[in-house]
Amino acid sequence: MTNNLKVQRAIKDISQEELAKQIGVSRQTINAMEKAKYVPSTVLALKIAKFFGVAVEEIFTLEETD
């Protein structure tokens, strides 16, 4: 799974720490997602999409190997 979380943060001009506080996770979780080392739960993915006001598919994309 790939994501454009870093791009979405840049558009809103918020830090990893700010995003983490808004959705109730640690900054390390946001960092791990951005580096594709952590795949979020469905609930977390939905919270992130809601925060940015976009569909989940606009942030997270399945790869052929997923």
Side-chain angles (χ1 to χ4, degrees):
M1 177 182 288
T2 61
N3 70 72
N4 67 357
L5 196 50
K6 192 171 186 174
V7 171
Q8 292 292 331
R9 282 194 312 100
I11 291 168
K12 273 212 169 197
D13 193 30
I14 64 167
S15 67
Q16 289 181 344
E17 185 69 34
E18 290 173 295
L19 176 58
K21 285 180 183 177
Q22 290 292 322
I23 60 173
V25 297
S26 69
R27 185 203 56 79
Q28 290 85 353
T29 298
I30 301 300
N31 186 51
M33 280 191 282
E34 288 184 1
K35 291 184 176 185
K37 294 183 178 185
Y38 176 76
V39 175
S41 67
T42 304
V43 172
L44 182 53
L46 288 167
K47 284 182 179 181
I48 292 168
K50 184 176 180 179
F51 175 81
F52 288 113
V54 298
V56 173
E57 295 85 1
E58 289 185 46
I59 300 174
F60 299 98
T61 308
L62 284 175
E63 296 179 314
E64 286 187 28
T65 58
D66 289 336

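Only heavy atoms go into these numbers, but all of them, side chains included; no hydrogens, no water, no symmetry mates.
With a 6.0 Å radius and a threshold of 12 heavy atoms from other residues, nucleotides or ligands, D66 has its CG atom above the threshold.
Using a 4.0 Å cut-off between charged side-chain N and carboxylate O, K12 and E18 make no salt bridge.
Both V39 and L19 are members of a single hydrophobic cluster when ILVMFWY side chains are connected at heavy-atom separations under 4.5 Å. Note: the hydrophobic cluster containing V43 does not contain F52 (ILVMFWY, side chain heavy atoms under 4.5 Å, direct or indirect links).
Rounded to the nearest 0.5 angstrom, N3 CG and Y38 OH are separated by 12.5 Å. In this structure, Q28 CD and Q16 CD are separated by 9.0 Å, a value rounded to the nearest 0.5 Å. Expressed to the nearest 0.5 Å, how far CD of E34 lies from CG of N4 amounts to 10.0 Å. Put simply, CG on L44 and CZ on F60 are 6.5 Å apart, with the number rounded to the nearest 0.5 Å. Here the CZ-CD1 distance, from F51 to I59, works out to 10.0 Å after rounding to the nearest 0.5 Å. Atom CD1 of residue I23 and atom CD1 of residue I30 lie 4.0 Å apart, to the nearest 0.5 angstrom.
A49 and A55 make their closest contact through CB-C, 4.0 Å (heavy atoms, listed as atom of the first residue, atom of the second, distance). Looking at every heavy atom in both residues, M33 comes nearest to P40 through SD-CB, 3.6 Å.
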